[in-house]
Amino acid sequence: MFNVHEMLGRWRSGGRKGYRLAPLDGWVNDGRPVSVHPPAVVGRSERADVHLTDPWVSRIHCVISERDGELVVRDLESRHGVYVNEERVSQGTLHPGDTVLIGASRFRVEVDADDAELS
């Protein structure tokens, strides 16, 4: 069974794919991309792997993970939800170029070009 508290602060070592969430609004993360190395908990909490300061983001908002070679986002019962390409999802697959809305923060999903493991 998935335990959010076990995920907090945990990064897999070596050989992981890297992704970026590129802000689509200048105020989000001061316009700087956010690095994501799955599995990663996203939230407003300082303990989240991906920390967002957006007040519309829950302390523990969602988790981004890889499953069967695909990048997946799962809402962790957040108040304002997760949207993939403008559709609210409890769980959804993310592809490069997709738009994901977490709280009021809009991002474009990108593959980290610095990742040597990319195929």
Side-chain angles (χ1 to χ4, degrees):
M1 180 113 220
F2 176 80
N3 184 330
V4 173
H5 298 290
E6 290 176 8
M7 297 283 297
L8 287 171
R10 190 177 87 193
W11 294 76
R12 293 187 307 190
S13 60
R16 64 181 183 250
K17 283 189 179 178
Y19 300 91
R20 282 192 306 254
L21 298 178
L24 295 175
D25 303 306
W27 65 271
V28 176
N29 199 40
D30 294 325
R32 294 185 317 266
V34 178
S35 292
V36 178
H37 295 279
V41 173
V42 179
R44 205 176 64 245
S45 170
E46 292 287 336
R47 295 177 54 200
D49 297 311
V50 177
H51 174 75
L52 300 177
T53 58
D54 176 353
W56 292 84
V57 171
S58 297
R59 286 180 295 126
I60 304 300
H61 198 97
C62 63
V63 63
I64 298 175
S65 59
E66 289 179 313
R67 188 171 357 143
D68 299 326
E70 293 187 313
L71 190 64
V72 176
V73 61
R74 184 163 55 100
D75 189 3
L76 297 175
E77 299 180 16
S78 65
R79 172 172 270 171
H80 299 289
V82 174
Y83 292 76
V84 175
N85 298 324
E86 301 183 22
E87 181 178 331
R88 188 170 184 159
V89 298
S90 58
Q91 180 171 299
T93 303
L94 298 173
H95 300 96
D98 282 351
T99 300
V100 62
L101 178 70
I102 301 169
S105 300
R106 290 185 319 132
F107 298 94
R108 181 179 55 252
V109 177
E110 298 178 346
V111 176
D112 191 343
D114 294 333
D115 189 342
E117 292 292 316
L118 297 178
S119 53

In terms of hydrophobic clusters joined by side-chain contacts under 4.5 Å, are Leu76 and Val72 together? no
Is it the case that one hydrophobic cluster holds both Val109 and Val57, taking links as side-chain heavy atoms less than 4.5 Å apart, direct or via other members? yes
Can you pull out every ring pair (Phe, Tyr, Trp, His ring centres under 6.0 Å) where at least one residue sits in residues 38-68? Sequence neighbours excluded, please. Trp56-His80
In one Ile/Leu/Val/Met/Phe/Trp/Tyr side-chain cluster, 4.5 Å: Val89, Leu94: yes
How far apart are the closest heavy atoms of Val111 and Arg20, and which atoms are they? O-NH2, 3.9 Å
Test item: Val100 and Val82 side chains (from C-beta on) under 4.5 Å apart, heavy atoms: yes
I'd like to know whether Val41 forms a side chain to side chain contact (heavy atoms under 4.5 Å, CB included) with Val50, so could you lay out the CA-CA distance, the side-chain angles of the two residues, the decisive distance to 0.1 Å, and finally the verdict. CA-CA 6 Å; Val41 173; Val50 177; over 6 Å; no
So, the side chain of Asp75 versus the backbone of Ser78: is there a donor-acceptor pair under 3.5 Å, distance only? yes
From Ile64 CD1 over to Leu21 CG, what is the distance, rounded to the nearest 0.5 angstrom? 5.0 Å
Counting only heavy atoms from other residues, nucleotides and ligands, does the tally under 6.0 Å from CD of Glu77 exceed 12? no
Other residues, nucleotides, ligands: >12 heavy atoms within 6.0 Å of Arg59 CZ: no
Check for a donor-acceptor pair, side chain of Asn85 on one end and backbone N or O of Thr99 on the other, with a separation under 3.5 Å. yes
Mind listing the closest non-hydrogen atom pair of Ala104 and Trp27 along with its distance? O-CZ2, 3.4 Å
Can you find a pair of side-chain heavy atoms, one from Pro38 and one from Glu66, that are under 4.5 Å apart? yes
Side-chain contact, heavy-atom cut-off 4.5 Å: Ile102 with Leu52? yes
Find out if a path of hydrophobic residues (ILVMFWY) with successive side-chain heavy-atom gaps under 4.5 Å connects Leu101 to Phe107. no
Where the side chain of Ser58 meets the backbone of Ile60, is there a donor-acceptor pair that is under 3.5 Å apart? no
Roughly how far, to the nearest 0.5 Å, is CZ of Arg74 from OG of Ser65? 7.0 Å
Point-to-point distance, once rounded to the nearest 0.5 Å, from CG of Asp30 to CZ of Arg32: 5.0 Å
Any side-chain donor-acceptor pair under 3.5 Å between Asp54 and Ser105? yes
Where Arg79 and Arg88 come nearest, the two heavy atoms and their spacing: O-NH2, 3.9 Å
Let me check something: do Val84 and Leu24 share a hydrophobic cluster, defined by ILVMFWY side-chain heavy atoms less than 4.5 Å apart, either directly or through other members? no
Taking all non-hydrogen atoms of both residues into account, name the closest pair between Asn29 and Pro23 and its distance. CB-CG, 4.5 Å
